[in-house]
Amino acid sequence: MAHCTVSEAEAILDKEFPVLDKGFVRLVDYLGGDDRVVQSARVSYGKGTKTYREDASLIEYLLRNGHTSPFEQVVLTFHVKLPIFVARQWIRHRTARLNEISGRYSILKDDFYIPAPEDVACQSDDNKQGRSGTALERTEAEKIRTSLEAAQKKAYEHYSRFVEEGLARELARINLPLSLYTEWYWQMDLHNLFHFFELRLDSHAQKEIRLYAEVMFDITKKVAPQCCASFEDHILGGVRFSRSELAELQRRLNINETPEAVPLNGKALERFEEKITHGRQK
């Protein structure tokens with residue numbers, strides 16, 4: 001299997017892409033790209049063809065039908081600077097390999113996240129875990145931002161004094177707020193990275209982590225553009241139906257076929273899509 005390099009990815013290695021007020025993402029390293037997915041798949045599926053179009057078709061077939069192992073052959077390593085509250089959401093994606101800066105060994109930097117005025121909003125009335133889509137008035141937002149900054153400054157002053165007085169760093173840090181920036185190296189294979197993007201690019205994800213996901217997805221497009229295009233088509237832009245939803249769709253389109261007879265994969269799905277199209281035309 002040939003060694004894979006991608007010129008677009010090589011061009012952005014170690015380049016910092018800013019996120020939020022003080023954060024960034026940079027691609028440290030990568031293993032493989034679209035070619036690696038195709039090469040690893042053909043170990044199982046035979047030599048096949050090797051034109052650009054047919055490679056793209058193979059990638060699409062693999063993603064659409066849930067053949068995930070070829071995508072696990074591609075690995076990306078990111079260096080990320082992010083607020084701790086974003087990191088605590090991020091760490092829910094447990095299949096990654098990571099190494100984070102330690103407040104037990106290092107003196108933590110005076111870097112805290114303060115939301116932009118347009119991002120300061122009240123709790124949503126219909127979303128228990130998110131903010132309203134309407135920002136507070138500029139004057140009120142600035143008052144809150146000023147209060148956040150003052151509390152952060154006071155907390156860091158206490159931290160610095162504890163360190164200077166010789167208190168153990170592992171204790172000196174414990175009152176620092178979640179808005180403090182941390183840094184880590186975060187490595188994940190492309191299959192699990194797509195799952196991260198599926199959740200964190202969603203409009204319901206908290207805006208701060210969504211902004212990181214957007215930058216990382218743009219970077220990932222440089223590494224594996226065909227894979228990312230297929231992911232956008234079938235996962236980000238796709239729709240999944242439950243059994244009952246599928247039955248209702250069939251009823252409304254007057255398609256006399258049971259959900260059990262229409263598995264959502266391969267040629268059976270294509271036949272079902274043809275029937276849907278035909279039903280719309282009636």
Side-chain angles (χ1 to χ4, degrees), residues 16-27 76-101 103 108-109 111-138 140-152 155-156 173 175-188 190-221 228 231-232 235-240:
E16 286 189 7
F17 293 88
V19 190
L20 301 182
D21 54 351
K22 303 180 185 73
F24 63 76
V25 173
R26 67 184 183 96
L27 180 64
L76 290 83
T77 304
F78 299 94
H79 177 194
V80 188
K81 181 178 179 181
L82 69 170
I84 289 175
F85 73 89
V86 175
R88 295 305 162 255
Q89 294 177 335
W90 197 312
I91 204 67
R92 297 294 301 158
H93 300 270
R94 300 183 297 276
T95 55
R97 294 161 293 279
L98 67 92
N99 194 48
E100 184 177 2
I101 187 172
L108 300 172
K109 298 177 182 178
D111 283 339
F112 296 90
Y113 169 65
I114 298 177
E118 61 269 22
D119 292 328
V120 180
C122 292
Q123 182 69 35
S124 172
D125 291 331
D126 56 4
N127 182 356
K128 293 183 179 180
Q129 61 179 4
R131 76 195 80 172
S132 166
T134 304
L136 294 177
E137 292 293 331
R138 186 83 180 197
E140 186 64 25
E142 288 298 345
K143 287 181 180 178
I144 292 173
R145 282 163 42 85
T146 299
S147 179
L148 289 171
E149 186 175 15
Q152 293 165 352
Y156 195 81
R173 64 180 176 164
N175 273 3
L176 290 172
L178 293 175
S179 56
L180 181 74
Y181 273 89
T182 185
E183 295 184 36
W184 62 27
Y185 269 40
W186 192 72
Q187 184 184 84
M188 183 174 270
L190 187 59
H191 163 57
N192 286 292
L193 192 55
F194 279 162
H195 182 60
F196 173 85
F197 290 142
E198 181 182 3
L199 295 178
R200 301 307 180 179
L201 289 174
D202 189 270
S203 60
H204 295 92
Q206 185 167 342
K207 181 177 181 179
E208 284 79 6
I209 196 170
R210 192 168 70 245
L211 293 176
Y212 279 94
E214 288 172 357
V215 171
M216 291 173 63
F217 188 50
D218 286 340
I219 292 173
T220 306
K221 288 179 183 178
C228 288
F231 167 74
E232 286 185 287
I235 305 300
L236 284 186
V239 178
R240 299 176 183 176

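Start at 1 with the first residue, then count along the sequence.
- For the pair E208 and R131, the salt-bridge criterion is met [side-chain N within less than 4.0 Å of a carboxylate O].
- Here the closest heavy-atom approach between residue L148 and residue P115 is recorded as CD1-CD, 3.9 Å.
- Closest non-hydrogen pair, F197 versus A213, comes out as CE2-O, 3.5 Å.
- C122 places a side-chain heavy atom less than 4.5 Å from the side chain of L136.
- When only modelled atom types and interatomic distance are considered, D21 and Y181 share a side-chain donor-acceptor pair under 3.5 Å.
- Distance alone, capped at 3.5 Å, places no donor-acceptor pair between the Y113 side chain and the L178 backbone.
- Contact between A205 and L199 at its shortest, heavy atoms only, is CB-O, 3.7 Å.
- Between K207 and E214, none of the side-chain N atoms (NZ, or NE/NH1/NH2) sits under 4.0 Å from a carboxylate O, so this pair counts as no salt bridge.
- Remark: I91 CD1 to I84 CD1 distance equals 12.0 Å, nearest 0.5 Å.
- The two atoms that bring A121 and S132 nearest to each other are CB-O, 3.5 Å, heavy atoms only.
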Evaluate R145 against E149 for salt bridge (Lys or Arg N to Asp or Glu O under 4.0 Å), listing each step before the verdict.
CA-CA 6 Å; R145 282 163 42 85; E149 186 175 15; over 6 Å; no
List the steps, then state whether salt bridge (Lys or Arg N to Asp or Glu O under 4.0 Å) holds for E16 with K22.
CA-CA 11 Å; E16 286 189 7; K22 303 180 185 73; over 6 Å; no
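- Side-chain atoms of H79 and W184, non-hydrogen and from C-beta on, never get closer than 4.5 Å to each other.
- Across every non-hydrogen atom of P83 and Y212, the tightest pair is CD-OH, 3.6 Å.
- Legend: residues meeting salt bridge (Lys or Arg N to Asp or Glu O under 4.0 Å) with E100, ordered by chain and number and at least two apart, are R88.
- Here NE2 of H195 is found 9.0 Å from CZ of R200. Values are rounded to the nearest 0.5 Å.
- Distance alone, capped at 3.5 Å, is enough to place a donor-acceptor pair between the T146 side chain and the E142 backbone.
- Aromatic ring orientation, F194 versus F231: parallel (interplanar angle below 30°, classes split at 30° and 60°).
- Shown here is E118, whose CD atom has more than 12 heavy atoms of other residues, nucleotides or ligands within 6.0 Å.
- Looking at H93 and N192, their side chains never come closer than 4.5 Å, going by heavy atoms from C-beta outward.
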Tell me, with the steps shown, if Q206 and Q129 meet side-chain contact (heavy atoms from CB on, under 4.5 Å).
CA-CA 9 Å; Q206 185 167 342; Q129 61 179 4; over 6 Å; no
Full working for salt bridge (Lys or Arg N to Asp or Glu O under 4.0 Å) between E232 and K221
CA-CA 11 Å; E232 286 185 287; K221 288 179 183 178; 3.8 Å; yes
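- Ring centroids of W90 and F85 are separated by 6.0 Å or more, keeping the two rings apart.
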Go through it in stages, so that I can follow the logic: the residues are I235 and R240, the test is side-chain contact (heavy atoms from CB on, under 4.5 Å), and I'd like the CA-CA distance, side-chain angles, deciding distance and then a yes or no.
CA-CA 9 Å; I235 305 300; R240 299 176 183 176; 4.3 Å; yes
Is there a side-chain contact (heavy atoms from CB on, under 4.5 Å) between Y185 and L98 once you walk through the steps?
CA-CA 5 Å; Y185 269 40; L98 67 92; over 6 Å; no
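- Going from atom CG of D111 over to atom OG of S179 covers 10.5 Å, rounded to the nearest 0.5 Å.
- When F217, F78, W186 are each tested for a ring-ring contact (aromatic ring centres under 6.0 Å, His included) with F196, only one passes: W186.
- For the pair L76 and M188, the minimum side-chain heavy-atom distance is 4.5 Å or more.
- Of the inter-residue distances, the one linking L193 atom CG with T95 atom OG1 reads 9.0 Å to the nearest 0.5 angstrom.
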Show your reasoning for whether side-chain contact (heavy atoms from CB on, under 4.5 Å) applies to Q152 and L176.
CA-CA 8 Å; Q152 293 165 352; L176 290 172; over 6 Å; no
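- Remark: of the listed residues I209, T182, V19, I209 is the sole one forming a side chain to side chain contact (heavy atoms under 4.5 Å, CB included) with V86.
- In Q123, the CD atom is crowded: over 12 heavy atoms of neighbouring residues, nucleotides or ligands sit closer than 6.0 Å.
- Using a 4.5 Å cut-off on side-chain heavy atoms (C-beta onward), T220 and L190 make contact.
- Salt-bridge formation is not detected for the pair D202/R210: no Lys NZ or Arg NE/NH1/NH2 atom is positioned less than 4.0 Å from an Asp or Glu carboxylate oxygen.
- Closest approach of E198 to L236, counting heavy atoms only: CA-CD2, 4.2 Å.
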